Amino acid sequence: MAKRKKIAVLFSGKGSNFAHIVNTLHQKECDVVVALTNNPNAEGIKVAEEASIPLEIIDSKAYESRESFDTVVVERLQQYSPELTVLAGFMRILTPLFTEQIKSINLHPSLLPRHKGLNAIEKSYEDEHTHGGVSVHYVTSELDGGEVILQKEVAKEGLDLEAYDAKVRRVEKEALEEAIRIVLL
Ligand code: GAR
């Protein structure tokens, strides 16, 4: 059987998408060799601890520029030689220092190019379209701007914002899992 590929996962908050990767793909179809967060208080830290996945905490607040933060992140990631880095709720804009050295994909909770940036779920819910959705795309230094790998639509009809939000958060996990398979396997 072919050797499992190595991935890195980056997160900033709850880490539910990171947990989904751990529960579905880790040690089955690929190995999460490192998890990295820019937030020392991220809830997702316990996901790494419970799964005994090496964890790197690099507090972005301690760095004066995006470039100095990205330099340290790249150095740290390269120590683990991941073949793919997955941004799963990693709320940082990355510079070319990162994007030119690290092959990475990002999950975003809208049908890009609609609603880049923060609060994409609320913005999608409130726009004029009947469907919102989620995207997984390659990461470039343009925020939420790289080539789309896959998208899944979520119909808004009959859903209040809370129910729409919950559905997006379910569907995005399937999308991320599928996109990792497409890129890696
Ligand atoms: C997810 O909904 C993800 O799509 C979004 O942050 C959330 C993280 O949740 N990402 C972005 O908005 C990226 N621009 P999680 O920490 O529970 O995985």
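All of these numbers come straight from a predicted model, not from anything done at the bench. Numbering of ligands and ligand atoms starts at 1, following listing order.
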Contacts under 3.5 angstrom, residues 76-87 side chains, donor-acceptor by atom type, not counting sequence neighbours:
residue	atom	partner	partner atom	Å
R76	NH1	E56	OE1	2.7
Y80	OH	E56	OE2	2.5
E83	OE1	K6	N	2.8

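- Listed by chain and number, the hydrophobic cluster partners of M91 are L118, where partners are ILVMFWY side chains within reach of under 4.5 Å, directly or through others.
- A donor and an acceptor atom, one from each side chain of H137 and E147, are nowhere located under 3.5 Å apart.
- With sequence neighbours excluded, the residues satisfying side-chain contact (heavy atoms from CB on, under 4.5 Å) with S60 are N38, F69, R92.
- Ring to ring, Y125 and Y164 are close: their centroids are under 6.0 angstrom apart.
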Where does ligand 1 get N/O contacts under 3.5 Å from the protein, atom by atom?
residue	atom	partner	partner atom	Å
ligand 1	2 (O)	R169	NH1	3.4
ligand 1	2 (O)	E172	OE1	3.1
ligand 1	2 (O)	E172	OE2	2.9
ligand 1	4 (O)	E172	OE1	2.6
ligand 1	14 (N)	H108	ND1	3.0
ligand 1	16 (O)	K14	N	3.4
ligand 1	16 (O)	G15	N	2.7
ligand 1	17 (O)	S16	N	2.9
ligand 1	17 (O)	S16	OG	2.6
ligand 1	18 (O)	S16	N	3.4
ligand 1	18 (O)	N17	N	3.0
ligand 1	18 (O)	N17	ND2	2.7

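- L184 and L25 fall within the same hydrophobic cluster, defined by Ile, Leu, Val, Met, Phe, Trp and Tyr side-chain heavy atoms under 4.5 Å apart, directly or through other members.
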